[in-house]
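To start, the structure under review is shown below, and the notes come after it.
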Amino acid sequence: MKNPKHIKALAARSAEQQIPSDHAQLLATKWMSTTKLAELVQTEGLVYKKGKFSAIEEQQLRDAIDKYREEKQVTEEDLLDIIFGKKSKESTFWSDITSAIPQRPLIAVYHHVRRHFHPMAQQGKWTAEEDALLKQAVADLGQQWEKVSPRVGRMSADCRDRYRNHIVNRDIRLTGGWSRDEEERLTQIVTEMTVQQGKNIDNDIFWGKVSERMGGTRGRQQCRIKWTDTLSKTVKNDGQRPRWSPLDAFILVHKVDSMNVMDDTEIDWKTLLDPDWNLWSAHSLQRRWLTMKRSIKGYENMSHLDIMEILRTKKAQVPDPLGTGRKRKDRKVMSSEAIEEDPGVDDDHIDDS
DNA sequence: ACTATATAGCAGGCCGGGCT
DNA sequence: AGCCCGGCCTGCTATATAGT
C-alpha cells in the first residue's frame, strides 16, 4: 500500500521472471521446520532466503494476496479467518502466496503474514497505562504471552518484547549518557566474553548476558548499540575514535553499487563488511547509506538505480585521501587510511556471472 | 561570531529464526 | 503453536562541524 511505483514495477517484473523448479515447489508446498531446512541445505544444496523481507517481496506478497482474494471471491473477514483461523490448512492460500516470493520457505511467509495482518499489529508507542496493564498481567499469569496479550491489547510478541526490554529492571535502569566507568566495564565484559574465549568480537556476543553482567542497569539493546556504534570502533582504532571521511563515503558507494541489487532493501549489510575496512559496523554503514541517499533531492520517488547513478557521479573522485587540505592540525586518524590504492574499484567482491 | 547542516548517541518499536 | 532469543531498523535531539 505504501510502496512507491517503482517498487511495484519491480515486484511485477520479478514475478514474471520466476522460473519454477523442484526447490521452489518444495519451499512453497511443504511445511518445513528450520531444522529440516538446514538439513536440506546440507544434503541437496537447497538455497533459500532468510532475513528481513525486502520492499519488493512485501509488494509481491500483497499482490499475491489480492490475486487470491479476487480469484476465490474472498471477503475481508474471510481472509482474516484464513490467516488466523483453523481452516487455513485446507486452503491453498499459503502455498499460493508463498509461490509468489522466490526462495522463501512457507513457514517464513506464514509467520510474516500472521504478524503483519494481526489486528493488534503496529500500534506504536506504549503508554504508561499499557505498561501497568502488562506488568500486572505478567504478575498474575506469568510469562504466558498469549494469555497476557488480550489483557493488554497488544500482540503477544510485542508484550514479550516490551516486558523484557523495558519492564524488567525498570527501577534500576539507567538512561542517558554512559559514564567512563560503565564504558570500561562494558568493553571489559565484551572482550572477556569473546576474544579471550577465542570467539568473534563482532558476532558472538550474547547481549542478554552482557546486560546481566552490567548488573541490569543497562538493557541488552543499550549495551549492543553502545558497543557497535561507539566502543567497538574505538577499540579497533587503538583507542581513538575514527571519523567518517569522504573516502569512506566513496568506498561505501562503490560497495553498494557492486551488490547489483534492484532495491536497497535487498541489501544484506553484513556482506559489505570488509577486513581491510573494518571500523564500521553493518549498522553504521546502513545508516550512512540512508543519510547519503536522503541528501538527494526527491529520492523518495527515485529507483535505487537512479540514486546509484547520482551517487556514483557525486562521489566519483577519490577525495584527497590523505586529507592534506584539512584545516585542523591534529587530524584524527582516518578510518580508511589502511587502504592503499584503488580502494573503490573493488573488483574483489562476489563475482556475479 | 552566527547560522545551517551533519553526525553521534540514544531509545525503542519491530522482526525473523530456532527450539520444543 | 507458543515461547525465547538475538538482532534490525528508524526517529529524535544535542552537539559538532562547515559555511558565510
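Protein chains get the first letters and strands the later ones, always in sequence-line order, with residue 1 at the start of each. Side-chain atoms are counted along with the backbone in the values below, which use heavy atoms only and exclude waters and symmetry mates.
- For the pair A/Q222 CD and B/dG13 C1', the computed distance is 15 Å after rounding to whole Å.
- Under a cut-off of 6.0 angstrom, the local environment of NZ in A/K147 is sparse, with at most 12 non-hydrogen atoms contributed by other residues, nucleotides or ligands.
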side-chain hydrogen bond (donor to acceptor under 3.5 Å, both in side chains) for A/D96 and A/S99? Distances and angles first, verdict last. CA-CA 5 Å; A/D96 285 359; A/S99 311; 5.3 Å; no
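- Using a 4.0 Å cut-off, some side-chain N or O of A/R162 falls inside it from OP1 or OP2 of B/dG13.
- One finds a side-chain N or O of A/H166 lying less than 4.0 angstrom from the OP1 or OP2 phosphate oxygen of B/dG12.
- Between the P atom of B/dC10 and the CG atom of A/L186 lies a distance of 11 Å, rounded to the nearest Å.
- Proximity of a side-chain donor or acceptor of A/S156 to a complementary backbone N or O of A/S149 within less than 3.5 Å is not detected.
- Residues passing the side-chain hydrogen bond (donor to acceptor under 3.5 Å, both in side chains) test with A/N165, sequence neighbours excluded: A/R220.
- Straight-line distance from the CG atom of A/L106 to the P atom of B/dG16: 15 Å, rounded to whole Å.
- Dashed line: the shortest gap from a side-chain N or O of A/W145 to OP1 or OP2 of C/dA1 is not under 4.0 Å.
- Ranking B/dG18, B/dG16, C/dT10 by closeness to the A/Y48 side chain, first place goes to B/dG18.
- Nucleic acid contact for A/Q221: base, since at least one base atom lies under 4.0 Å from a heavy atom of the residue.
- Distance from the side chain of A/N165 is smallest to B/dC14 among C/dG2, B/dC14, B/dG17.
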Item to complete: Using the side-chain hydrogen bond (donor to acceptor under 3.5 Å, both in side chains) rule, take A/Q59 and A/R62 through it: C-alpha gap first, then chi angles, then the decisive distance, then the call.
Response: CA-CA 5 Å; A/Q59 186 59 46; A/R62 279 193 288 270; 3.2 Å; yes
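- Interface remark: the A/D158 side chain does not form any donor-acceptor pair with the B/dC14 base, using a distance-only criterion of under 3.5 Å.
- Ion pairing between a basic and an acidic side chain is recognised when a charged N comes within 4.0 Å of a carboxylate O; A/K226 and A/E183 show such pairing.
- Between the NE2 atom of A/H111 and the P atom of C/dC3 there is a distance of 13 Å, rounded to whole Å.
- The heavy-atom pair separating A/S54 from A/T265 by the smallest distance is CB-OG1, 3.5 Å.
- Using a 4.0 Å heavy-atom distance criterion, A/A108 is classed as a sugar-phosphate-only contact.
- Residue A/Y110 has a polar side-chain atom (N or O) positioned under 4.0 Å from OP1 or OP2 of C/dA1.
- With A/Y48 as the aromatic partner, A/R104 does not meet the cation-pi criteria of under 6.0 angstrom to the ring centre and within 45 degrees of the ring axis.
- As rounded to whole Å, 9 Å separates atom P of C/dC9 from atom CH2 of A/W269.
- At the phosphate of B/dG16, OP1 or OP2 sits under 4.0 Å from a side-chain N or O atom of A/H112.
- Protein atom CZ of A/R160 is 13 Å distant from nucleotide atom P of B/dC14, rounded to whole Å.
- Considering only side-chain N and O atoms, A/K226 lies nowhere under 4.0 angstrom from the phosphate OP1 or OP2 of B/dA8.
- If you take CG of A/L252 and C1' of B/dT7, they are 15 Å apart, rounded to a whole angstrom.
- The separation between A/M155 atom CE and B/dC14 atom P is 10 Å, rounded to whole Å.
- Comparing the end axes of the helix from B/dA1-C/dT20 to B/dT20-C/dA1, each fitted to five base pairs by superposing C1' atoms of four pairs onto the next four, gives an inter-axis angle of 30° (nearest 10 degrees).
- Phosphate proximity of C/dC9 to A/R288: absent, as no side-chain N or O sits under 4.0 Å from OP1 or OP2.
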